[in-house]
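Whatever order the structure lists them in is the order used to number ligands and atoms, beginning at 1.
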Amino acid sequence: MTDAPLLGNPPRAADRRARAGDGVLRDPLTGQQVLIAGHRQDRPQTRTGPCPFCPGGTEAPDPYDVKAFPNRWPALPGASEVVLYTPRHTGSLARLSQQEVRKVVDLWAERTAELGRRADTGYVLVFENRGGEAGASVDHPHGQIFAFPEPPDVPMRELRSGTCALCAESVADDLVVLGTRGWRAWVPRAAGWPYELRLAPRAHVPDLPSLSSESRDEMAWTLGEALRRLDRVVGGTMPSMMWIHQRPTRGHWPQAHLHVHVTGLWHAPGRRRHVAAGEHGSGVMVNPVVPAVAAGRLREA
Ligand SMILES: [Zn+2]
Ligand SMILES: [Zn+2]
Ligand SMILES: [Zn+2]
């Protein structure tokens with residue numbers, strides 16, 4: 001089977017990449033989307049020498065506050081960027097000031113707009129793997145951006161109904177972890193992970209570039225505070241994954257409402273939560289921590 005169906009309609013640059021062995025494919029049996037990235041095998045697995053992301057390093061020769069640049073080892077060729085959050089080598093978004101996170105939010109918005117203007121981009125995914133256990137290969141605080149040719153399945157599932165589930169859902173008080181006038185963070189009632197958070201503006205804002213200055217400040221604080229609480233609940237740095245869902249960059253999507261998914265990878269200090277065979281085999285997650293209990297712990301942390 002060499003002719004797996006491709007995502008999107010040819011002819012596109014992404015399809016040519018896919019035919020060359022790199023790009024988004026869909027498994028004909030399962031329907032699962034897969035990004036084959038064989039070239040990443042050449043990526044250094046362990047690093048020695050000075051940090052490439054510190055000012056003066058190979059990827060950041062000049063001084064900076066925040067910085068985005070093309071990923072040298074892209075999973076998605078030509079459409080993958082690294083975002084440096086701070087010139088300081090240690091820490092995370094949780095340890096930056098609100099003003100510093102605001103600069104990161106501004107850069108995410110700028111890159112979303114810039115990549116979204118490209119004819120071969122249909123969706124901009126901003127994300128982060130925090131901590132070595134989450135898959136980050138360099139300690140220096142950073143995240144990534146993928147510009148997909150078409151909206152991938154996970155955000156598409158959320159958009160498919162055509163109405164905004166976030167505006168329709170009233171979040172129960174026992175699930176809310178923190179909030180500001182314009183933003184809030186809560187644990188989903190049907191969370192699949194022990195410490196899973198959702199963050200969103202209360203108003204129906206479609207994407208990062210559309211956020212007002214005030215709302216960007218509130219996002220910066222809410223995100224930093226949510227991560228600090230995840231850390232405090234395990235008494236250290238909770239390895240975590242974070243991704244931002246926003247409006248696709250082509251087409252008409254009035255139902256799209258910007259939000260952030262944050263997933264802690266531990267269910268208890270130092271104890272990794274593994275997705276097991278029964279879950280992979282069924283698509284049904286088994287969460288050992290009751291979401292309202294998780295929300296309570298995060299509120300008190
Ligand atoms: Zn560094
Ligand atoms: Zn909405
Ligand atoms: Zn989402």
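- Side-chain contact of T180 with W221: a donor-acceptor pair under 3.5 Å is absent, judged by distance alone.
- In terms of heavy-atom proximity, L258 sits nearest to A200 at O-CB, 3.7 Å.
- H257 has its ring centre no less than 6.0 Å from the ring centre of H259.
- Residues Y195 and R273 have side chains that never bring a donor and an acceptor to within less than 3.5 angstrom of each other.
- S210 places a side-chain heavy atom less than 4.5 Å from the side chain of R247.
- Side-chain atoms of T112 and Q246 include a donor-acceptor pair closer than 3.5 Å.
- Annotation: cation-pi pair R184/W186 present, NZ/CZ under 6.0 Å from the ring centroid and within 45° of its normal.
- Under 3.5 Å, the side chains of S213 and R102 contain a donor-acceptor pair of N or O atoms.
- Legend: protein N/O/S atoms lying under 2.8 Å from the Zn ion (ligand 1), waters omitted, number 4.
- For H261, the N, O or S atom with the smallest separation from the Zn ion (ligand 3) is NE2.
- Between the Zn ion (ligand 3) and the N, O or S atoms of H259, the shortest distance is to NE2.
- A ring-centre distance under 6.0 Å is found for H142 and F53.
- Closer than 2.8 Å to the Zn ion (ligand 2) sit the protein N, O or S atoms C164 SG, C167 SG, H204 ND1, H257 ND1.
- Between the side chain of R228 and the backbone N or O of A94 there is at least one donor-acceptor pair closer than 3.5 Å.
- Looking only at its N/O/S atoms, H245 has ND1 as the one nearest to the Zn ion (ligand 3).
- Between E169 and R189 there is no salt bridge, since no side-chain nitrogen of the basic residue lies less than 4.0 Å from a carboxylate oxygen of the acidic one.
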